[in-house]
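Given the structure is predicted, the values throughout are model-derived calculations rather than measurements.
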Amino acid sequence: MALRVFAVLCALVYAASAGSCDVSNKVDCGYSGINQQQCEAKGCCWVPVNPNPNNNPWCFVASTNNVCDKLNFTSSGTPFSQQQVDLMYKYFTANINIGGQGGVVASPDTNVPEGGSYYYHWERDGALSMRALQEISSSNVTGLMNNYAQWVLRAQSRQDPHGIDVRTEPKYMLPNGEVFTGSWCRPQTDGPGLRATTLILHANKLIQSGDIAFVKQYLWTGSSTLNGGAIKYDLEWVAENWSQNGCDLWEEIESPDFFWNRFNFQRSMVVGAQFASQMGDTASASKYSAVATAIGNVIRQHWNQQFVFETNNRQKDAAVISAFNDGYSGGDFGPTSVEVASTIKVFNQLFCNSYSINQKDTKSNIPGILYGRYEGDHYSGGNPWILTSASLAELFYRGASVTLDTQVVPEPKAYAVWQSILNIPASKTLTHLEFARAMASAGDSVLNRIAYHVAGDNFHLAEQIDKDSGFQKSATDLTWSYANVLKAMHIRQQVFATLSKH
């Protein structure tokens with residue numbers, strides 16, 4: 001026993017010796033809050049960097065021959081068949097319109113280790129899921145959306161038991177929508193903007209079909225009735241309160257400057273201004289446009305020349321990946337921009353090195369990568385999440401779509417980063433069609449890796465994938481997981497339909 005302990009200690013000393021730690025190409029080996037003793041106990045190097053404008057890791061290993069240095073983003077074949085997509089859509093819609101009251105259950109799982117019951121309507125999850133429903137459905141979902149609109153109106157009218165604006169409550173009871181009275185991270189300020197964005201999409205579809213009566217009666221009343229309507233009331237909250245302190249996407253920390261919140265605030269103001277103008281409310285349209293500009297002026301501060309960070313006290317967070325999709329309204333942080341490419345490159349290293357399943361999959365020639373939540377995540381042990389991984393796939397497909405629409409490859413600085421990510425030879429300049437195919441292939445690779453790990457569960461999608469075993473874990477049938485995978489597949493279908501013509 002003593003000899004074994006001595007051997008381990010010698011190995012640790014060797015791993016962290018001066019020679020092996022004197023490197024320029026570092027791979028983060030730690031987590032937020034790790035100290036020198038904990039770092040060196042892992043066999044990693046500890047070299048403080050102060051000042052540290054480039055956010056270099058203090059706890060690291062040299063990246064020589066690291067499997068994570070060159071990930072495979074080349075994949076062929078549809079990640080999910082149409083039959084499998086239809087099956088996931090069935091699981092997804094089973095979680096919508098609970099009891100015919102319009103609510104969306106986050107998961108039917110009532111006994112999640114560490115998480116307890118997920119049988120609630122989360123304001124954020126519900127809004128994103130109902131937006132996804134409209135974007136992916138080939139059938140008419142007007143009835144489901146009308147029920148959801150009524151749910152929102154009931155939620156907006158409730159008395160808040162916590163002394164905050166009820167529009168920023170995190171979650172509600174099912175099926176009737178009473179405010180959850182337990183302790184939780186409050187306020188959750190992203191909710192009103194996300195709901196408004198979802199309901200604006202619904203309102204526009206109603207207007208296009210000639211059903212403006214529902215819009216004027218419930219969504220934008222043009223008077224004080226129903227506080228101006230479900231859309232107007234939520235937009236007004238954003239316009240007046242977007243800079244206030246709130247909770248993060250994962251409901252764990254508070255800050256006034258989350259990128260996820262700000263980017264989605266800006267989108268709600270942009271589409272809100274357009275919708276207000278359409279409804280003849282020029283004063284509100286002008287107000288929302290001014291707020292969108294103000295938010296845009298501070299969003300640029302989240303780009304640190306290496307990646308887009310979520311907030312100062314939690315920088316490397318995949319919430320920004322989801323934000324690139326859900327919050328984009330044109331302008332900065334487009335899907336092929338240098339900011340998006342650089343962020344993906346940094347996060348690829350983070351999540352590949354954080355989860356042994358990513359390394360095992362890559363060594364087994366399974367393409368792609370699985371993303372988690374953020375650097376140093378400890379919830380349920382800290383694992384890849386299906387919804388963030390699917391967000392990455394969606395971002396790749398959106399990059400392909402933009403390239404096909406514009407018929408140009410990204411500008412040189414961005415293109416150089418994409419070359420590194422996609423393993424495009426430095427000497428080769430792709431045409432726009434070749435680049436679009438490479439991006440679509442990258443999206444396929446991520447979804448194929450997800451499919452590899454969920455096929456054994458008949459394509460039921462849980463919240464997480466175990467970082468070591470690769471089996472699904474935590475909440476079962478997570479609605480948000482289905483929403484993001486189905487959105488990615490929907491955009492994929494559009495991209496490949498266009499590519500098939502060339």
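Sulfur-to-sulfur, Cys59 and Cys39 sit under 2.5 Å apart at their SG atoms.
Asn264 and Asp190 share no side-chain donor-acceptor pair at under 3.5 Å. In summary, the side chains of Asp361 and Tyr355 do not present any donor paired with an acceptor at a separation below 3.5 Å, with no hydrogens or angles considered.
A donor-acceptor contact shorter than 3.5 Å is absent between the side chain of Asn241 and the backbone of Gln244. The backbone N or O of Gly381 lies less than 3.5 Å from a partner atom in the side chain of Lys467, making a donor-acceptor pair. For Ser342 (side chain) and Glu339 (main-chain N/O), no donor-acceptor pair under 3.5 Å exists by modelled atom type. Counting only distance, with no hydrogens or angles, the side chain of Arg131 and the backbone of Asp326 share a donor-acceptor pair below 3.5 Å. Judged by distance alone, the side chain of Asn423 and the main-chain N or O of Leu71 form a donor-acceptor pair under 3.5 Å. Between the His453 side chain and the Ile465 main chain, no donor and acceptor come within less than 3.5 Å of each other. Of the possible polar contacts, none joining the Gln359 side chain to the Cys68 backbone as a donor-acceptor pair under 3.5 Å is found. A donor-acceptor pair is defined here as one N or O able to donate and one able to accept, closer than 3.5 Å; such a pair exists between the side chain of Thr343 and the backbone of Val308. Checking side-chain atoms of Asn95 against main-chain N and O of Asp477 turns up a donor-acceptor pair under 3.5 Å. Looking at Gln134, its side chain does come within 3.5 Å of a backbone N or O of His202 through a donor-acceptor pair.
Looking at Glu251 and Lys171, no side-chain N of the basic residue comes within less than 4.0 Å of a carboxylate O on the acidic one, giving no salt bridge.
Taking a 6.0 Å sphere around NZ of Lys473, one finds it holds more than 12 heavy atoms contributed by other residues, nucleotides or ligands. Gln82 CD: more than 12 foreign heavy atoms inside a 6.0 Å radius. Atom NZ of Lys413 sits in a sparse spot, with 12 or fewer heavy atoms from other residues, nucleotides or ligands closer than 6.0 Å. No more than 12 heavy atoms of other residues, nucleotides or ligands shown are found within 6.0 angstrom of CD on Gln493. In this structure, Glu114 places its CD atom where more than 12 heavy-atom neighbours from other residues, nucleotides or ligands lie under 6.0 Å away.
In this structure, Tyr379 and Trp385 have tilted ring planes: the angle between them lies in the 30° to 60° band. Using bins of under 30°, 30° to 60° and over 60° for the plane-to-plane angle, the ring pair Trp58/Trp46 lands in the perpendicular bin. By the 30° and 60° cut-offs, the orientation of the rings of Trp122 relative to Tyr118 is tilted. Taking the six-membered ring for Trp and thresholds of 30 and 60 degrees, Tyr415 and Phe435 have ring planes inclined between 30 and 60 degrees apart. Under the 30°/60° scheme for interplanar angles, the aromatic rings of Tyr120 and Phe180 are found to stand perpendicular. Aromatic ring orientation, Phe496 versus Tyr397: perpendicular (interplanar angle above 60°, classes split at 30° and 60°). Between Phe351 and Tyr371, the ring planes are tilted. Angles from 30° to 60° get that label. Between Trp237 and Phe265, the ring planes are tilted. Angles from 30° to 60° get that label. Ring geometry, Tyr172 versus His121: the interplanar angle exceeds 60°, so the pair is classed perpendicular (tilted spans 30 to 60°).
In this structure the side chain of Leu350 never reaches within 4.5 angstrom of the side chain of Phe307, judged on heavy atoms. Put simply, the side chain of Phe347 reaches to within 4.5 Å of the side chain of Val320, judged on heavy atoms. Taking 4.5 Å as the limit, some side-chain heavy atom of Trp418 sits within range of a side-chain heavy atom of Ile344. Proximity of Thr189 to Trp242: side-chain heavy atoms (C-beta onward) are nowhere separated by under 4.5 Å. A heavy-atom distance below 4.5 Å is not found between the side chains of Tyr148 and Val141. Side-chain contact between Ile386 and Gln472 is present, with heavy atoms from C-beta onward closer than 4.5 Å. At least one side-chain heavy atom of Asn304 sits less than 4.5 Å from a side-chain heavy atom of Gln315. Side-chain contact between Asn458 and Leu87 is present, with heavy atoms from C-beta onward closer than 4.5 Å.
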For Thr93 and Leu133: C-alpha separation, side-chain torsions, deciding distance, then whether side-chain contact (heavy atoms from CB on, under 4.5 Å) applies.
CA-CA 8 Å; Thr93 53; Leu133 178 71; 4.1 Å; yes
Can you check side-chain contact (heavy atoms from CB on, under 4.5 Å) on Arg449 and Ser389, steps first, answer last?
CA-CA 9 Å; Arg449 184 168 289 199; Ser389 302; over 6 Å; no
Could you go step by step and tell me if Tyr374 and Glu252 meet the side-chain contact (heavy atoms from CB on, under 4.5 Å) rule?
CA-CA 12 Å; Tyr374 56 82; Glu252 295 177 346; 2.4 Å; yes
Evaluate Leu478 against Leu461 for side-chain contact (heavy atoms from CB on, under 4.5 Å), listing each step before the verdict.
CA-CA 6 Å; Leu478 194 79; Leu461 302 181; over 6 Å; no
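When ring centroids are compared, Phe259 and Phe324 come within the 6.0 Å threshold.
The line from OG of Ser117 to CG of Asn111 is 8.5 Å long, rounded to the nearest 0.5 Å. Atom OG1 of residue Thr479 and atom CG of residue Leu387 lie 11.0 Å apart, to the nearest 0.5 angstrom. Atom CD of Glu463 is separated from atom OG of Ser380 by 7.5 Å, given to the nearest 0.5 angstrom. The CG atom of Leu249 lies 5.0 Å from the CZ atom of Arg124; values are rounded to the nearest 0.5 Å. Between atom OG of residue Ser354 and atom NZ of residue Lys316 there is a gap of 9.0 Å, rounded to the nearest 0.5 Å. We find the CG-SG distance between Leu370 and Cys352 to be 10.0 Å, quoted to the nearest 0.5 Å.
Partners of Trp250 by side-chain hydrogen bond (donor to acceptor under 3.5 Å, both in side chains), not counting sequence neighbours, listed by chain and number: Asp317. Every residue was checked against the side-chain hydrogen bond (donor to acceptor under 3.5 Å, both in side chains) condition with Glu310, not counting sequence neighbours, and none meets it. Remark: Trp303 pairs with no residue by the ring pair (Phe, Tyr, Trp, His ring centres under 6.0 Å) rule, at least two apart or across chains.
Here the closest heavy-atom approach between residue Arg492 and residue Thr78 is recorded as NH2-CA, 3.6 Å. Between Ala132 and Ala483, the shortest heavy-atom distance links the atoms CB-CB, 3.8 Å. Pairing each heavy atom of Tyr89 with each of Ser137, the nearest pair is OH-OG, 2.8 Å. In plain terms, the two heavy atoms of Leu499 and Ala436 that are nearest each other are CD2-CB, 4.3 Å. Nearest heavy atom pair, residue Ile299 against residue Gln266, reads CD1-OE1, 3.6 Å. A pairwise comparison of heavy atoms in Ser474 and Val112 identifies OG-CG1, 3.4 Å as the closest pair.
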